[in-house]
Novice: 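Here it is: the structure, laid out below.
Everything quoted here is computed from the prediction, not taken from an experiment.
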Amino acid sequence: MPEQKINKIVFATHNAHKLSEIREIVKGQIEILGLTDIGCHDEIEETGNTLEENALLKAKYVKERYGYDCFADDTGLEVDALGGEPGVYSSRYAGPSGDPEENMKKLLSALQGIDNRSAQFRAIIALILNEEEHLFEGVIRGTIARERRGGSGFGYDPIFVPEGYDQTFAEVDLSVKNRVSHRALAMAKLIDFLLNGKKILSLGR
């Protein structure tokens with residue numbers, strides 16, 4: 001059977017920032033379709049107790065209801081001094097509304113007076129392909145800044161300083177973030193698996 005290039009896959013998200021970031025990472029290799037592109041306007045609840053569970057929940061939801069092979073991600077900011085919090089609750093740390101500004105305020109307040117600012121961003125990507133499940137992890141260490149800095153990025157980016165840099169993820173150039181971020185690292189593993197495995201992704205039922 002001749003090798004065929006993978007050209008499209010569904011990313012189970014409505015988050016425009018995530019879509020834009022991942023499309024930039026995979027530019028020229030795979031076309032990424034969001035949930036809106038396949039007619040899915042549902043808000044998929046993240047009820048899992050781990051990042052892995054949440055990522056799989058979202059991927060399974062799309063596969064079971066829409067029939068498409070797809071991937072989904074979940075990301076957590078894990079702060080050493082807080083015992084790994086907010087972790088799986090990162091997006092709703094300050095409440096169910098998921099307000100990123102309130103999340104950052106709560107985190108900075110929790111770290112007030114604490115010298116140990118070490119933390120890590122961890123991303124899990126769950127892929128459902130040909131009825132099989134696969135998980136990919138990306139981790140980047142860093143520190144929590146004492147105040148928000150920078151106007152780009154999203155989520156906790158304005159207060160996370162990646163290891164080896166003096167700027168927050170909201171201050172560094174997007175090309176840098178797309179090379180070293182937790183999501184970029186997990187995505188690189190996913191792309192390598194898909195391209196080197198010579199899988200054929202079908203968007204048809």
Side-chain angles (χ1 to χ4, degrees), residues 11-22 34-36 40-59 61-62 71-126 137-163 165-172 174 176-178 180-187:
F11 180 20
T13 187
H14 289 296
N15 188 313
H17 292 291
K18 285 186 178 182
L19 273 172
S20 176
E21 188 176 285
I22 287 213
L35 291 178
T36 302
C40 175
H41 303 284
D42 308 336
E43 288 297 329
I44 306 171
E45 293 188 20
E46 299 179 358
T47 56
N49 294 315
T50 66
L51 300 178
E52 290 83 357
E53 287 179 8
N54 278 339
L56 278 170
L57 276 171
K58 291 182 282 188
Y61 185 96
V62 172
F71 70 90
D73 84 316
D74 198 25
T75 295
L77 176 61
E78 300 169 342
V79 181
D80 293 354
L82 301 180
E85 292 184 358
V88 71
Y89 304 107
S90 294
S91 64
R92 50 193 184 281
Y93 187 46
S97 66
D99 186 312
E101 290 295 329
E102 291 303 314
N103 287 338
M104 284 189 285
K105 285 180 183 177
K106 180 176 179 178
L107 183 61
L108 290 176
S109 177
L111 287 174
Q112 194 166 9
I114 296 176
D115 291 329
N116 179 10
R117 317 289 290 191
S118 297
Q120 66 181 23
F121 259 130
R122 190 163 67 93
I124 297 293
I125 291 177
E137 180 185 57
V139 177
I140 182 168
R141 295 287 299 173
T143 57
I144 303 299
R146 296 189 179 275
E147 59 184 9
R148 68 185 318 284
R149 306 198 314 254
S152 62
F154 60 97
Y156 293 92
D157 284 356
I159 60 172
F160 184 80
V161 181
E163 204 167 68
Y165 293 83
D166 296 323
Q167 297 173 303
T168 68
F169 263 158
E171 293 176 304
V172 299
L174 184 60
V176 173
K177 183 186 176 186
N178 285 344
V180 304
S181 79
H182 47 298
R183 188 172 294 106
L185 296 175
M187 193 66 188

Novice: For Tyr165, enumerate each residue passing the ring pair (Phe, Tyr, Trp, His ring centres under 6.0 Å) test, keeping only those at least two apart in sequence or located in another chain.
Specialist: none

Novice: Taking side-chain hydrogen bond (donor to acceptor under 3.5 Å, both in side chains) as the definition, give me every residue that meets it alongside Glu78, ordered by chain and number, with sequence neighbours left out.
Specialist: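 Glu78 satisfies side-chain hydrogen bond (donor to acceptor under 3.5 Å, both in side chains) with Gln120, Arg122 once adjacent residues are dropped.
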
Novice: Do NZ/NE/NH1/NH2 and the carboxylate oxygens of Glu102 and Lys105 come within less than 4.0 Å?
Specialist: yes

Novice: Do Val62 and Leu35 make a side-chain contact, defined as non-hydrogen atoms from C-beta onward lying under 4.5 Å apart?
Specialist: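 Yes, their side chains come closer than 4.5 Å.
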
Novice: Run the numbers on Phe71 and Ile22 for side chain to side chain contact (heavy atoms under 4.5 Å, CB included), then give the verdict.
Specialist: CA-CA 12 Å; Phe71 70 90; Ile22 287 213; 4.2 Å; yes

Novice: Any side-chain heavy-atom pair from Asn178 and Glu21 closer than 4.5 angstrom?
Specialist: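 Yes, at least one pair of side-chain atoms sits under 4.5 Å.
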
Novice: List the steps, then state whether side chain to side chain contact (heavy atoms under 4.5 Å, CB included) holds for Val139 with Leu185.
Specialist: CA-CA 7 Å; Val139 177; Leu185 296 175; 6.0 Å; no

Novice: To the closest 0.5 Å, what do you measure between CG (Asn116) and OG1 (Thr143)?
Specialist: 10.0 Å

Novice: Mind checking whether Val172 and Val180 have side chains closer than 4.5 Å, heavy atoms only?
Specialist: no

Novice: Would you find a donor on one side and an acceptor on the other, under 3.5 Å apart, between the side chain of Tyr61 and the backbone of Asp42?
Specialist: no

Novice: Quick one, Asp157 and Lys177 - any side-chain contact, counting heavy atoms below 4.5 Å?
Specialist: yes

Novice: Atom NZ in Lys18, atom CE in Met187: separation rounded to 0.5 Å?
Specialist: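 Rounded to the nearest 0.5 Å, the NZ-CE separation comes out at 12.5 Å.
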
Novice: Between the side chains of Asp99 and Ser97, does any donor sit under 3.5 Å from an acceptor?
Specialist: no

Novice: Determine the minimum heavy-atom distance between Ile114 and Ala81, stating which atoms define it.
Specialist: CG2-CB, 3.9 Å

Novice: Salt bridge check, Glu171 against Arg149: does any charged N sit closer than 4.0 Å to a carboxylate O?
Specialist: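 Salt bridge: yes.
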
Novice: Give the intermediate values and the outcome of side chain to side chain contact (heavy atoms under 4.5 Å, CB included) for residues Asn49 and Val88.
Specialist: CA-CA 7 Å; Asn49 294 315; Val88 71; over 6 Å; no

Novice: Do the side chain of Asn54 and the main chain of Leu51 share a donor and acceptor less than 3.5 angstrom apart?
Specialist: no

Novice: Taking all heavy atoms of Ala186 and all of Ala123, pick out the closest pair and write down the distance.
Specialist: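 For Ala186 and Ala123, the tightest heavy-atom pair comes out as CB-O, 4.1 Å.
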
Novice: Taking all non-hydrogen atoms of both residues into account, name the closest pair between Ala59 and Ala126 and its distance.
Specialist: CB-O, 4.0 Å

Novice: Can you tell me how far CD of Glu147 sits from CG of Leu108, rounded to the nearest 0.5 angstrom?
Specialist: 9.0 Å

Novice: List the atom of Gln167, the atom of Pro162, and the distance in Å for their closest heavy-atom pair.
Specialist: O-CD, 3.3 Å

Novice: Considering all heavy atoms of both residues, which atom of Leu77 and which atom of Pro86 are nearest to each other, and what is their separation?
Specialist: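 Closest approach of Leu77 to Pro86, heavy atoms only: O-CD, 3.1 Å.
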
Novice: Once ring pair (Phe, Tyr, Trp, His ring centres under 6.0 Å) is applied, what residue pairs with a partner in residues 105-126 remain, sequence neighbours excluded?
Specialist: Phe121-Phe160, Phe121-His182

Novice: Say you draw a straight line from CG of Asp73 to CD1 of Ile124; how long is it, rounded to the nearest 0.5 Å?
Specialist: 9.5 Å

Novice: What is the distance from atom OG1 of Thr168 to atom CZ of Arg148, rounded to the nearest 0.5 Å?
Specialist: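 So the gap between those two atoms works out to 8.5 Å.
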
Novice: Rounded to the nearest 0.5 Å, what separation is found between the CG atom of Asp74 and the CD atom of Glu53?
Specialist: 10.5 Å

Novice: Please find the pair of heavy atoms, one from His14 and one from Thr36, that lie closest to each other, and give the distance.
Specialist: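 Closest approach of His14 to Thr36, heavy atoms only: ND1-OG1, 3.7 Å.
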
